[in-house]
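Take a look at the structure set out below.
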2 protein chains.
Amino acid sequence: MARTAGSHSQTTGPRVRAQAEALFAKHGYAAVSMRQIAAAVGVQAGALYNYIPDKQTLLFSLLHDHMADLLVAWDGQDLSNDPLIVLDQFTQFHLEYHLNRKDAVFIAYMELRNLTTDNFAIIETLRRQYEDHLERLIIAAQEAGAVTVADTRIVTLAVIGMLTEVTTWYRPDGRLDMAVLCGMYKTLVRRTLGATQV
Amino acid sequence: MARTAGSHSQTTGPRVRAQAEALFAKHGYAAVSMRQIAAAVGVQAGALYNYIPDKQTLLFSLLHDHMADLLVAWDGQDLSNDPLIVLDQFTQFHLEYHLNRKDAVFIAYMELRNLTTDNFAIIETLRRQYEDHLERLIIAAQEAGAVTVADTRIVTLAVIGMLTEVTTWYRPDGRLDMAVLCGMYKTLVRRTLGATQV
DNA sequence: GTCTATAATCAGATAGAC
DNA sequence: GTCTATCTGATTATAGAC
């Protein structure tokens, strides 16, 4: 309970990350100054350096945690034995996860070019891992005779592209609720894969 | 033939735009300085202001011309009477046009947030016009009984998202040439639309 | 049309007081 | 842990010489 005045280490750190994420998504990494982040948090610029070594590391940390969390979340899914139902589960998972983290998704796609070469390689490896998860599902469905795909890699990227694009226009208070949206995209994904049942 | 030393008005203007486009695509609008653009062109920073009023107008001009050129190019297409062939034509047009202008496409999607409010509205109107072209094709195909779509607007955005995503990974010297790529995506688009023939 | 020089501002990051 | 003050260098844009 007793706490030194001005000491908020348990809350300021996460707040720096949250405000940076929101500002980077809105204006772009290069366009946001450390002073802007500090103002959003409610501290002076110098205080930020108690929590982050520099601006580049802050960006990398946001992207890395987003991708790592995504992989952990997918690993935690309870998957069906039906190869078509599993594809529906991926569609639903991808849409819900990404629509609930629009800022992080936006940054993860937009700010890759602002990473150093080494940091970029790490993020790309994580992204590739996620893509591979879906490609394995498509290959399994193909082997089970549930879908017909000419090139599993291309179709994997096409499906992820189609699903991720939703984050650029979907509004929770718009004309479609999540359940309806997910239902429509499950159909679109099955169709794209040439599923035996749609 | 005779030309005042240092006078290159017929070439410098376009070169400023071309170099700015390349640099904005690579590093992002906010991350690129006028000095960098000038260095790429081969002049000093001050000379740029003979061709552009300011940095913001340069960005807007690049985005505006890209979208306007896209609409003009589509209007110039010779379209089939077959509603499914027309959709194939759109797929091919969109892929070829966008893959030949990767930098402009990247900027058009990434730098919208760096436009002023007024400029943003203008670009969004142009983008919406392009989307409407595809949506009308889908509606026509639906009315002709050639496709089955639950929500023409959603599917329009899904198709454009799927096609545009290709620009993030396609390499002309990669394992797929344009003809094969277009063929595969024509199938994917037809499938997504629930076409009677794929 | 391009140059050099400069104005006015802002950037990321650090030092030391409290 | 946060503040103020500051360092160093970069930013956009302009002015005037050539």
Side-chain angles (χ1 to χ4, degrees), chain A residues 1-24 26-63 107 111 113-116 118-119, chain B residues 1-24 26-63 107 111 113-116 118-119:
Chain A
M1 205 64 98
R3 182 187 286 169
T4 306
S7 171
H8 305 282
S9 65
Q10 288 172 331
T11 67
T12 304
R15 274 163 51 72
V16 169
R17 296 170 56 82
Q19 296 294 340
E21 180 174 290
L23 285 168
F24 289 168
K26 183 160 181 153
H27 306 291
Y29 169 77
V32 173
S33 69
M34 298 300 281
R35 284 170 176 79
Q36 277 177 277
I37 298 169
V41 172
V43 297
Q44 292 300 313
L48 297 178
Y49 292 87
N50 290 312
Y51 305 97
I52 52 158
D54 52 48
K55 197 184 175 190
Q56 164 72 207
T57 304
L58 171 59
L59 175 64
F60 171 71
S61 163
L62 289 174
L63 293 195
I107 297 172
E111 304 296 356
R113 61 192 171 182
N114 283 311
L115 293 173
T116 61
D118 289 353
N119 286 343
Chain B
M1 203 65 96
R3 182 186 287 168
T4 306
S7 171
H8 305 281
S9 65
Q10 288 171 333
T11 67
T12 306
R15 274 164 50 73
V16 169
R17 295 170 57 81
Q19 295 294 339
E21 180 175 288
L23 286 168
F24 289 168
K26 182 159 183 160
H27 305 290
Y29 169 78
V32 173
S33 71
M34 297 301 279
R35 282 173 178 76
Q36 279 177 275
I37 298 170
V41 173
V43 296
Q44 293 299 315
L48 297 178
Y49 293 87
N50 290 312
Y51 305 97
I52 53 158
D54 52 48
K55 194 183 176 190
Q56 163 71 207
T57 304
L58 172 57
L59 174 64
F60 171 71
S61 163
L62 289 173
L63 294 195
I107 297 172
E111 304 296 356
R113 60 192 171 182
N114 284 311
L115 293 174
T116 61
D118 290 352
N119 286 344

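No experiment lies behind these values; they were computed from the predicted model shown. Just so it is clear: chains get the letters A, B, ... in the order the sequence lines come, proteins before strands, and each one is counted from 1.
- Residues passing the side-chain hydrogen bond (donor to acceptor under 3.5 Å, both in side chains) test with A/Asp54, sequence neighbours excluded: A/Thr57.
- Applying the side-chain contact (heavy atoms from CB on, under 4.5 Å) criterion to B/Ala31, with sequence neighbours excluded, gives A/Ala30, A/Asn114, B/His27.
- Judged as a side-chain contact (heavy atoms from CB on, under 4.5 Å), and not counting sequence neighbours, the contacts of A/Leu115 are A/Gln56, A/Leu59, A/Phe60, A/Leu63, A/Leu112, A/Asn119, A/Phe120, A/Ile123.
- A search for side-chain contact (heavy atoms from CB on, under 4.5 Å) contacts involving A/Ala45 returns A/Arg35, A/Ala38, not counting sequence neighbours.
- Using a 4.0 Å cut-off, some side-chain N or O of A/Tyr51 falls inside it from OP1 or OP2 of D/dT2.
- In this structure, the CG atom of A/Leu48 is 12 Å from the C1' atom of D/dG1, given to the nearest Å.
- Residue A/Gln44 has no polar side-chain atom (N or O) positioned under 4.0 Å from OP1 or OP2 of D/dT2.
- Residue-level contact check: A/Val41 touches neither bases nor backbone, having no heavy atom under 4.0 Å from any strand.
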Enumerate the protein-to-nucleotides 13-18 of chain C contacts in which both atoms are nitrogen or oxygen and the separation is below 3.5 Å.
| residue | atom | partner | partner atom | Å |
| --- | --- | --- | --- | --- |
| C/dA13 | OP2 | A/Tyr49 | OH | 3.0 |
| C/dA13 | OP2 | A/Lys55 | N | 3.1 |
| C/dA13 | N6 | A/Arg35 | NH2 | 3.4 |

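- Checking the phosphate oxygens (OP1, OP2) of C/dT2, a side-chain nitrogen or oxygen of B/Thr12 falls inside 4.0 Å.
- Between A/Arg15 atom CZ and D/dG1 atom P there is a gap of 15 Å when expressed in whole angstrom units.
- Remark: A/Glu111 engages B/Arg113 in a salt bridge, criterion side-chain N to carboxylate O under 4.0 Å.
- Under 4.0 angstrom from either OP1 or OP2 of C/dA11 there lies at least one side-chain N or O belonging to A/Ser33.
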Side-chain polar contacts of residues 14-23 of chain B - donor-acceptor pairs under 3.5 angstrom, sequence neighbours left out - could you list them?
| residue | atom | partner | partner atom | Å |
| --- | --- | --- | --- | --- |
| B/Arg15 | NH2 | B/Val41 | O | 2.3 |
| B/Arg17 | NH1 | B/Ser61 | OG | 2.3 |
| B/Arg17 | NH2 | B/Asp65 | OD2 | 2.7 |

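- Across the protein-nucleic acid pair, B/Ile52 atom CD1 and D/dT14 atom P stand 10 Å apart, rounded to whole Å.
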